[in-house]
Amino acid sequence: MQDMYEVDYIGKIKKELTRCIKKAGDELYLFDRNLIYDSSYENVHAHERSICFRFGVYLNNQMSMNKALKKYDLDVEYNKDIDTIKRLSGWPNGCYPDLIIHKRGTNTANLLVMECKGWWSDERDILNDKKKIREFLNSERYRYLFGLLIVFEGEEIRFDWIEKET
């Protein structure tokens, strides 16, 4: 059972993460919307990795200005697990989440695992990413506190927080 101070800390961290993520999404849509959707060209968009990278740049800027989050690392497609590669039961040959907020070199400070999808993504791919997030959240090895699916939609960004199974 978590004590009151730990629950309060976790709540505050999630609030700060949410604020930084929302601001990063706003900046992405303000400055780089054409990567996601361009009304002049139907169905033309950049690759998910390009969008995820730009979102990561804005998120890293937000984190660097945040007292609680600036001590963490933000990495894109990070497959390293201390001295080996990340593995999950559904991904025995290795797994790399789109974005993570953590401290490198340890699994005791993994805050957030994120997967990103574009509006054009197949529902099966979205469900697979949700499954991956849940496996990271429920893993005794990785112990992420939070999971987030980000869907870059035409005119807005959707954030789906994924809960740890109990």
Side-chain angles (χ1 to χ4, degrees), residues 11-81 85-86 88 90-91 93-104 110-139 142 144-164:
K12 286 180 181 180
I13 286 292
K14 186 171 183 182
K15 183 178 178 181
E16 293 302 311
L17 284 168
T18 301
R19 191 176 65 70
C20 288
I21 289 166
K22 174 76 172 96
K23 283 187 174 185
D26 290 347
E27 289 180 346
L28 176 71
Y29 274 76
L30 179 64
F31 299 115
D32 293 305
R33 177 188 310 267
N34 64 341
L35 292 174
I36 304 159
Y37 177 77
D38 188 334
S39 60
S40 302
Y41 307 101
E42 189 174 326
N43 291 324
V44 176
H45 52 79
H47 193 281
E48 178 184 294
R49 285 185 206 128
S50 299
I51 299 165
C52 186
F53 167 78
R54 292 303 304 163
F55 175 76
V57 168
Y58 296 123
L59 181 54
N60 195 63
N61 289 341
Q62 291 299 319
M63 288 173 55
S64 70
M65 296 182 288
N66 184 287
K67 185 178 178 181
L69 299 176
K70 68 182 178 181
K71 61 185 174 182
Y72 289 94
D73 300 302
L74 172 69
D75 284 307
V76 176
E77 296 195 1
Y78 193 81
N79 73 335
K80 191 173 176 189
D81 178 13
I85 63 170
K86 284 188 183 326
L88 295 170
W91 290 263
N93 295 324
C95 182
Y96 49 93
D98 290 335
L99 290 164
I100 59 174
I101 298 175
H102 66 138
K103 288 188 181 177
R104 293 184 195 118
N110 289 332
L111 278 186
L112 177 63
V113 58
M114 295 173 267
E115 289 292 327
C116 301
K117 286 291 177 219
W119 55 267
W120 58 90
S121 296
D122 186 276
E123 187 62 29
R124 288 173 296 186
D125 292 335
I126 291 173
L127 291 173
N128 193 49
D129 277 357
K130 285 182 177 183
K131 178 184 174 190
K132 185 192 302 183
I133 292 169
R134 280 192 187 94
E135 280 201 44
F136 273 116
L137 290 173
N138 293 310
S139 166
Y142 300 115
Y144 283 93
L145 287 179
F146 308 106
L148 181 63
L149 174 70
I150 299 170
V151 181
F152 301 108
E153 297 180 339
E155 295 297 322
E156 60 187 33
I157 192 168
R158 186 177 85 220
F159 303 108
D160 292 337
W161 290 91
I162 309 296
E163 299 295 323
K164 186 176 189 173

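Hydrogens, waters and symmetry mates are skipped; everything else that's a heavy atom, side chains included, is used.
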Nearest heavy-atom pair of [X] and [Y]: which atoms, and what distance?
X	Y	answer
Val113	Pro97	CG2-CB, 3.5 Å
Leu137	Lys164	O-CE, 3.2 Å
Ile133	Leu148	CD1-O, 3.4 Å
Asp98	Cys116	OD2-N, 2.7 Å
Ser121	Glu48	OG-OE1, 4.2 Å
Glu16	Ala68	CG-CB, 4.5 Å

In Å, rounded to the nearest 0.5 Å, how long is the span from [atom1] of [X] to [atom2] of [Y]?
X	Y	atom1	atom2	result
Glu115	Ile100	CD	CD1	10.5 Å
Cys20	Lys15	SG	NZ	12.5 Å
Leu149	Arg158	CG	CZ	6.5 Å
Lys14	Arg19	NZ	CZ	16.0 Å
Ile126	Asp129	CD1	CG	8.0 Å
Glu77	Phe53	CD	CZ	11.5 Å

Spell out, as yes or no, whether a donor-acceptor pair under 3.5 Å connects the side chain of Asp73 to the backbone of Arg104.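 A pair under 3.5 Å: yes.
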Donor-acceptor pair, side chain of Asn66 and main chain of Leu69, under 3.5 angstrom: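 Pair found, side chain donor or acceptor close to backbone of Leu69.
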Please tell me if the side chains of [X] and [Y] come closer than 4.5 Å, counting only heavy atoms from C-beta onward.
X	Y	value
Arg124	Leu127	no
Ile101	Leu59	yes
Tyr96	Trp91	no
Trp161	Leu112	yes
Ile51	Leu28	yes

Are Lys117 and Asp125 close enough for a salt bridge, meaning some N to O gap below 4.0 Å?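 Looking at Lys117 and Asp125, the cut-off is not met.
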Are Glu135 and Lys132 within salt-bridge range, i.e. N to O under 4.0 Å?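 No, this pair does not count.
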In chain order, what residues pass the salt bridge (Lys or Arg N to Asp or Glu O under 4.0 Å) check against Arg134, with sequence neighbours excluded?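 Expected list: none.
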Cationic tip of Lys103 above Tyr72 ring, under 6.0 Å, 45° of axis: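 Yes, Lys103 sits over the ring of Tyr72.
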Give a yes/no verdict on a cation-pi contact between Arg54 and Tyr58, requiring under 6.0 Å between NZ or CZ and the six-membered ring centre and an angle within 45° of the axis.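 Output yes; distance and angle both within limits.
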Side chain to side chain contact (heavy atoms under 4.5 Å, CB included) between Ile157 and Phe55: does it pass, once the steps are laid out? CA-CA 11 Å; Ile157 192 168; Phe55 175 76; 4.2 Å; yes
Go through the structure and list residues passing side-chain contact (heavy atoms from CB on, under 4.5 Å) with Asn60, not counting sequence neighbours.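 If we apply the side-chain contact (heavy atoms from CB on, under 4.5 Å) test to Asn60, skipping adjacent residues, the hits are Leu74.
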I'd like to check the side-chain contact (heavy atoms from CB on, under 4.5 Å) partners of Tyr142; sequence neighbours left out, ordered by chain and number.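 Tyr142 satisfies side-chain contact (heavy atoms from CB on, under 4.5 Å) with Asp81, Lys86, Leu88, Asn107, Asn110, Phe136, Ser139, Tyr144 once adjacent residues are dropped.
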